Every structure is written in structure tokens, then in C-alpha cells.
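Okay, so here's the structure we're looking at.
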Amino acid sequence: MPLFEYRGRNPRGELVRGSLEGVDTGAIADQLFNTGITPIEIRSSGATVESAARGLLERITEQVTVVDLMLFSRQMYTLLKSGVPILRALVGLQESATNPALARTIQDLRAGLDSGRELSSAMLRHTDVFSPFYTSMVRVGEMTGRLEEIFLRLSQHLDFDREMRQRVKTALRYPLTVMVAMAVAIAIVNLFVIPVFAKVYTGLGAQLPLLTRILIGFSEFTLNYWALILAGGIAGFFAFRMWRSTVRGKYEWDKLKLRIPIAGKIVLKATLARFARSFALAIRSGVPVVQSLSVVSKVVDNDYIAQRIEQMRDGVERGESVLRTAVTTGVFTPVVLQMIAVGDETGELDNLMQEIAEMYEREVEYELKTLSSQIEPIMIVFLAILVLILALGVLLPVWGLGRAVLGPH
């Protein structure tokens, strides 16, 4: 069925735009009248359901990145600070947007504003682009009349969040690369090196040491069942992803990530830095503490930490202090708890949380700089053990045969 674009007036007389699927313009007019919209113009968009499906595919493949959202926030701050009305600012940003997905999102925001909705309400239609934290902050800006300041803070927050995530990914890239290299080396040795020595040793007919027999047995198992091992690995990978996509699985995985040696403490500190900065931003913008904890719990990107923050929110809602609820979470250090206590008593909680965020950021930066020096000894020991096992497994039979040929002296 063809698609038609329309313009009309809602019961409040406001201009609305959109598109509907129907047999002809009469059918579209009937649909609009049934919804309380008086049509002004109805015209064929020249699109079919197939072209709409292609548009849906574009929406799936094209996404708004953090960088796009950060630039959008910074540009909105600049335009609003210069006195440009919101609608005109959105028109300019839509025309200059290089990401089609962002342009479509801004166009829908304009349509929402045209229909009488507030900007934060229009953003609720795009939860894949605007997080609950982002939407809540915009809502606070609308209520307090400081929307341009909110956009500036959101831009700084997104920039920090992107940089922190990138730092953690960069830090974890080195150990992951080394582990993959080790796995490839073990596979090559098992598939190509050990079988050659196994043929030589089998031809000699001598009794092989236990370590050599284990290595040969493992190599034969790999050669005979490589397809089963590969299928099992792929099945295990997808099973892990399915388990992690469940509520319980994601919670357990996020909890396990924090216990990984060396890397776990970096992830924990980076997550707590994100929480402290977001919490400080929300409080500084006038959001009540309970509501701040509620929205911040949704942006820490760790279900385990998010549940602890929700426990803090529930405690504060019952009338407990922020310090008391922070102690029960068990994730903050004594120094941080002391800073929270001072902020709770003096009413400077936002400034103290900002200092906590900066402290965690410095610690994360230090941990990332020293990550290589922490991992290298472990990797060297592991490689040494691996080389020793392979060397002994291959050379012990040679040594034994040499002693048998030379005989006792």
C-alpha cells in the first residue's frame, strides 16, 4: 500500500506533520479525522511498503554515536546561549548533520515540538539515542530555565564518558592480544609440530616419558576432533552471549568483571568515576538526590554497581543519609566514604562527588599507565611455563635415546 504525507491541525490548533499508509487520500483523511486531526494537505510520498522497509533497514544499520550526541549537545549549548530559539536551532542542526540517523532524530524532535510537546518529552521517543539520564537532565533544564547550561554539562559528561571507556578498552587490548597470540601458538604446535615428533618417536619404538605421551595424546585429540572443538567453541560463545543478554546473566557477568585480577579494579574505578561525575552533575543541576540516584543507576553500564546505587536510593528514600547507604554498598573506599560524609554534612555533596570522580579518574589513569608493568611478569611466567612444558615434552625422549645409545660409563 502507498504511503502519504500529511499536514494538519490537532484539536488545539497546532500544526502536525507525518505519514500514513492507506489506499488513497480519502482513506488517509478518514484516519486523521478519527484521531482528531483536521487535514490541511495530503499528498503521496511516492513510497511503498517496500521502500519503507528499506528505510527501516537504514534505521537499523545507521546509529547515532556518542560523538554525534556530544557534538549535538555542544552545538545546542552554543545556539541557545546565543539566543537562538529551540526550533530554529534544531532546523540548523538537522541541515548540518552528517549522520542520517541523527538528522532523522532531530526531524522527529522538531515534529514533537510542533505538536506542542516539550523537548524532553520528544526525546522519550528515541530511547536508543537519548538515555534516561540525558532526558532527565534536559527535563530539569526546561523546568529551571537553564537548558543551555544543561547541554554544556551533558556535552562535557559525554566527552568524559567516551574517553574513560576508550581508556579501559585500550588497557584491556594488550592482555587480550597476548592471550590470542598464545592460543594461536598452542594451536600451531599441536597441529603441526608435535605430530612430526610423534612420528619420529613412534618409529623408534621406545618407551616415551609421561609428559611426552600427554602432549602427543592432546595433539592427536586436537587433530581428530578439531571440528568438534571448533563447533563447541562457537556454540559456547553464542551460549555465553545468550546468557549474558538475560537479566541474571548480565548481573553475574558484570559482578565477575570486577573480580578479574588487575583489570577488575580498573573497571571498578572507571565505573565509580562515571557514577560520581553523573551524580555530581545531576545534583548540581537541581535534581533531588533520590531522583539523581535513580537516573544515575541507569548510566553506569554495570548491573552490579547499578543495583548497589538503587540500594542507596532506597535507603535515602527511607530517610537514611547518603553516607549510611554508601557504606552498605561495600564498593567505596574509606577515603571516599569520608568525603561523602563531609559533603553530606556541609551540603556540598555535588562538589565532593566531583572531587571523588576526579580522584577515581587519576587512579584509573595511573592504573592504565602501569598496566603493562603489572601484566608483563604474569605473561612472562606463563610463557616460560608453556615453553618449558613443550621443550621437556619434545627433548626428554631425545635425551633418553641419547643415553641409551651411549650406554653407561
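Along the sequence shown, the residues carry numbers beginning at 1. For clarity, every value in this text was computed on a predicted model and none was experimentally measured.
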- prompt: Which pairs, with at least one residue in residues 342-351 and sequence neighbours excluded, count as a salt bridge (charged side-chain N to carboxylate O under 4.0 Å, His left out)?
  reply: R284-D350
Once ring-ring contact (aromatic ring centres under 6.0 Å, His included) is applied, what residue pairs with a partner in [range] remain, sequence neighbours excluded?
range: residues 93-125; answer: none
range: residues 339-374; answer: none
range: residues 100-125; answer: none
range: residues 280-326; answer: Y251-Y304

field: Qualifying residues under salt bridge (Lys or Arg N to Asp or Glu O under 4.0 Å), relative to E361, sequence neighbours excluded
entry: R277
Is the number of heavy atoms from other residues, nucleotides or ligands within 6.0 Å of [atom1] ([X]) greater than 12?
X: R110; atom1: CZ; result: yes
X: M182; atom1: CE; result: yes
X: W243; atom1: CH2; result: yes
X: Q307; atom1: CD; result: yes

Test side chain to side chain donor-acceptor pair (under 3.5 Å) applied to [X] - qualifying residues, sequence neighbours left out:
X: S278; answer: H157
X: Q166; answer: none
X: S321; answer: none
X: R362; answer: none

- prompt: Among all residues two or more places apart in sequence or in another chain, which pass the ring pair (Phe, Tyr, Trp, His ring centres under 6.0 Å) test with F279?
  reply: F275
statement: Sorted by chain and residue number, the ring pair (Phe, Tyr, Trp, His ring centres under 6.0 Å) partners of F221 (sequence neighbours excluded) come out as Y225
field: Heavy-atom pair with the smallest gap, counting every atom of T325 and G315
entry: CG2-CA, 3.5 Å
statement: Heavy atoms of V64 and L69 approach each other most closely as CG1-N, 4.3 Å
- prompt: Does some side-chain heavy atom of R117 sit less than 4.5 Å from a side-chain heavy atom of R125?
  reply: yes
message: Apply side-chain hydrogen bond (donor to acceptor under 3.5 Å, both in side chains) to residues T65 and D68 and explain how you reach the verdict.
response: CA-CA 5 Å; T65 64; D68 292 328; 3.0 Å; yes
query: In this structure, which one of K81, R74, Q75 forms a side chain to side chain donor-acceptor pair (under 3.5 Å) with Y77?
result: K81
